[in-house]
Amino acid sequence: QVQLVESGGGLVQPGGSLRLSCAASGSRFKFSNMGLHWYRQAPGKERELVATISSLGSTDYADSVKGRFTISRDNAKNTVYLQMNSLKVEDTAVYYCNGRSGLVDSWGQGTQVTVSS
């Protein structure tokens, strides 16, 4: 009932910035009620939770990205963002957005972020 599509990934040098977007669409859902999350998964590694923003707007971050990444949402655009600054090589991963509300648990297809010189 809800589809998520990420965009904004790419290749960036260490210390650079990227802004990921995840747009939601579908029927019978209210975006503003959704808890939104960004996960990432590097090859050979488990998927890890990077950032969360609740329906009330509260945020939480993994220690590894705290102070560098910012999650935000625009309910009018049904979009969640992840602003990534001061990128490190270890940030290289496929980034996925996830939205949850009640029984809804939806995932995007992922977008590749590669940090390399």
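Atom set for the values below is all heavy atoms of this structure, side chains included, hydrogens, waters and symmetry mates excluded.
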Please name all residues satisfying salt bridge (Lys or Arg N to Asp or Glu O under 4.0 Å) with Arg47, sequence neighbours left out, ordered by chain then number. none

By salt bridge (Lys or Arg N to Asp or Glu O under 4.0 Å), which residues pair with Lys45, not counting sequence neighbours? none

Suppose we screen for ring pair (Phe, Tyr, Trp, His ring centres under 6.0 Å). Which residues come up paired with Tyr39, at least two apart in sequence or across chains? Trp107

Report the residues that fulfil side-chain hydrogen bond (donor to acceptor under 3.5 Å, both in side chains) with Thr114, sequence neighbours left out, ordered by chain and then residue number. Gln112

Whether Arg73 side chain and Ser54 backbone form a donor-acceptor pair below 3.5 Å: yes

Counting only N and O atoms by type, is there a donor-acceptor contact under 3.5 Å from the side chain of Gln109 to the main-chain atoms of Glu6? yes

To the nearest 0.5 angstrom, please state how far the CG atom of Leu36 sits from the CG atom of Leu82. 11.5 Å

Out of curiosity, does Trp38 fall in the hydrophobic cluster containing Val94 (side-chain heavy atoms, cut-off under 4.5 Å, transitive links)? no

For Leu56, the other hydrophobic cluster members (4.5 Å side-chain criterion, sorted by chain and number) are none

Who else is in the cluster with Val5 when I, L, V, M, F, W and Y are joined by side-chain contacts under 4.5 Å? none

What salt bridge (charged side-chain N to carboxylate O under 4.0 Å, His left out) pairs are there with at least one residue in residues 105-117, not counting sequence neighbours? Arg100-Asp105

Enumerate the salt bridge (charged side-chain N to carboxylate O under 4.0 Å, His left out) contacts for residues 31-43, please, sequence neighbours excluded, ordered by first and then second residue. Arg40-Glu48, Arg40-Asp91

Around Gln1, counting heavy atoms of other residues, nucleotides and ligands shown, do more than 12 lie under 6.0 Å from its CD? yes

For a quick test of reading the model, state the closest non-hydrogen atom pair linking Ser117 to Pro14 and the distance between them. N-CD, 3.7 Å

When every non-hydrogen atom of Val2 is compared with those of Ser106, the smallest separation belongs to CG1-OG, 2.6 Å

For residues 12-28, which residue pairs qualify under side-chain hydrogen bond (donor to acceptor under 3.5 Å, both in side chains), counting only residues two or more places apart or in two chains? Ser17-Asn85

Where at least one partner belongs to residues 48-98, residue pairs that pass ring pair (Phe, Tyr, Trp, His ring centres under 6.0 Å), sequence neighbours excluded: none

Please collect all disulfide bond (SG atoms under 2.5 Å apart) contacts where either partner lies in residues 11-117, sequence neighbours excluded, each pair once. Cys22-Cys97

Val12: which residues meet the side-chain contact (heavy atoms from CB on, under 4.5 Å) condition with it, sequence neighbours left out? Leu18, Leu87, Val115

